[in-house]
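See structure below.
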Amino acid sequence: MIQNEYLQGLMERVIDRNPAEPEFHQAVQEVLTSLVPVVEAHPEYITEGVLECLVEPERVIKFRVPWVDDAGNVRVNRGFRVQFNSAIGPYKGGLRFHPSVYEGIVKFLGFEQIFKNSLTGLPIGGGKGGSDFDPKGKSDGEIMRFCQSFMTELFKYIGPDTDVPAGDIGVGAREIGYLFGQYKRLRNEFTGVLTGKGLSYGGSLARREATGYGLCYFTDNMLRDHGRSFDGATVVISGSGNVATYACEKAMEMGAKVMAMSDSGGYVYDKDGIDLELMKQIKGEERQRISVYAQRRPTAEYHEGCRHIWEIPCDIAMPCATQNELDGAGARALIANGCYAVSEGANMPCTPEAVELLQEAGVLFAPAKAANAGGVATSALEMSQNSMRFYWSFEEVDQHLKQIMTDLYHNAAAAAEQYGKKGDLVSGANIAGFLKVADAMLAYGVV
Ligand code: NDP
């Protein structure tokens, strides 16, 4: 129940109008709850219809993606692009290829993206897309044909000043290459329409590392504000994809020992600390299951299933795999073992119950919207470099990223304090992200 009659009514309308989309409801509920003190201070956001517009995507595109597999069979998937909000810039957000993708997942991710992108301080609106296509076990040829078919429809709706997609779960450098190649061919133009591109065709140095590194920069600011640091800390990271890998790399560089990582099959606990080079080889280059890590590393043990990873004692936990992967039981285990900070690398990885338990127990909590914004921030830097047709060094991009994450932390912390929620970064991130977008929407009138 949201402690404001208008916001509670709006939440009920969102549920009615978007049935059977629990992830979207969860994301909206969290934001509207944070906005109670804001609408009390600024009733114009209600009277001018800003909130009513904010929860409705500007456009939802849903399309058929037919492709031919290696055996010659015709296969059909569904593609989506939700162009949620363009008040402060072109729609920007990743594409996710995973069997769990449906409209509700894309709407939840697109909605979150509005506030995240606003928080970066850069001129980018919110969007997200994807498909229920499962890239696991597919050949390069199948991936290429799927990506080409996907782009053959999507290209009609995107452009460097309209909507700039990027990667997400299941969409990495290989997929971006196929998607960009097809866009370029169809439009006959070379523009920065996708980010996360390869370095030889317009990509930015440090984009690959940016979400994981940014997560650590944000967390470092939060820890230091409370007299702590990564140095000497033990860390548990879920996932072993893009975000998890580079969060692990930066945390180790900052002096932490990473005890465990996972994939969708299970997790590995390594008492000597994760050997990241071996992990990158197995999960990145060889595209194998994480269980292979334990076969090759005597100090590691493999556990089937992911739920119990949070029972491993650690100082800092960083869920970097997927939504709702850290629930109430996971939060209780972390608290009981003395964990003092949780930073969300994935989007909405903690359930509402977990967030409540962690905050009540005084665990420092860095919400995804703010903590994992480094990826999209660096994507915006890639867009700038594409427009300039000039490229920065790794160090320059990394320096921008560090500054953006530091500013972002302080802005979220300040917004929380200003609205009577000192120390609550969930509220702070939602409020700071909202205000910029809402003021732009007010300026436009009813559009
Ligand atoms: P990847 O596809 O590179 O990696 C995802 C990882 O999570 C893999 O280890 C995968 O295991 C695991 N995983 C996926 N689904 C599940 C599941 N249902 N249960 C358990 N584990 C699962 O994706 P990213 O690292 O790019 O993205 C991870 C999260 O971070 C997502 O929530 C994404 O939205 C978010 N994010 C990503 C950004 C980016 O720049 N890439 C930016 C901001 C947020 P397996 O190998 O078995 O598939």
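Residue numbers count from 1 along this sequence. In this text, all values refer to a predicted model and were calculated from it rather than measured experimentally.
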Determine whether a donor-acceptor pair (N or O, by modelled atom type, separation under 3.5 Å) exists between the side chain of [X] and the backbone of [Y].
X    : Y    : answer
R207 : G375 : yes
S238 : C320 : yes
N117 : K92  : yes
D275 : L278 : yes
E344 : A368 : yes
E48  : L442 : no
S393 : E396 : yes

**Non-neighbouring partners of F394 that pass ring-ring contact (aromatic ring centres under 6.0 Å, His included), sequence neighbours left out** =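 Per chain and number, F394 pairs via ring-ring contact (aromatic ring centres under 6.0 Å, His included) with no residue.
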**K250 NZ/CZ over Y213 ring centroid, <6.0 Å and within 45° of normal** =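 Ring-cation test returns yes.
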**Prompt:** Within 45° of the ring axis of F80 and under 6.0 Å from its six-membered ring centre, is that where the NZ or CZ of K107 lies?
**Reply:**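 Negative - K107 is either too far from the ring of F80 or too far off its axis.
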Name all pairs fulfilling the ring pair (Phe, Tyr, Trp, His ring centres under 6.0 Å) condition that reach into [range], sequence neighbours left out, sorted by first residue then second.
range            : value
residues 234-269 : Y267-H303
residues 347-381 : none
residues 315-364 : none

Any side-chain donor near an acceptor of the partner, [X] and [Y], under 3.5 Å:
X    : Y    : result
E311 : H308 : yes
E23  : N324 : no
D140 : Y178 : no
S240 : R289 : no
Q83  : D163 : yes
T351 : D327 : no
T299 : D270 : yes

Would you say [atom1] of [X] has more than 12 non-hydrogen atoms from neighbouring residues, nucleotides or ligands within 6.0 angstrom?
X    : atom1 : answer
M1   : CE    : no
R307 : CZ    : no
K280 : NZ    : yes

**Message:** Is the distance from the ring center of F180 to that of Y201 below 6.0 Å?
**Reply:** yes
**Item:** Within the 6.0 Å centroid threshold, strictly below: F133 and F150
**Value:** no
**Asked** Hey, what do you get for CD (Q399) to CH2 (W392), rounding to the nearest 0.5 Å?
**Response**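 That separation rounds to 12.5 Å.
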**Prompt:** Step by step, would you call Q29 with S34 a side-chain contact (heavy atoms from CB on, under 4.5 Å)?
**Reply:** CA-CA 9 Å; Q29 170 98 25; S34 298; over 6 Å; no
Which atom pairs, donor and acceptor, lie under 3.5 Å between side-chain atoms of residues 413-421 and protein residues at least two apart or in another chain?
unit_1	atom_1	unit_2	atom_2	d
Y419	OH	H42	NE2	3.4

**Request:** Evaluate salt bridge (Lys or Arg N to Asp or Glu O under 4.0 Å) for D168 paired with K128, printing each intermediate quantity in order.
**Result:** CA-CA 9 Å; D168 190 76; K128 199 84 186 187; 3.1 Å; yes
**Prompt:** Residues two or more places apart in sequence or in another chain: which of them pass side chain to side chain donor-acceptor pair (under 3.5 Å) with R224?
**Reply:**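 So R224 forms a side chain to side chain donor-acceptor pair (under 3.5 Å) with D220.
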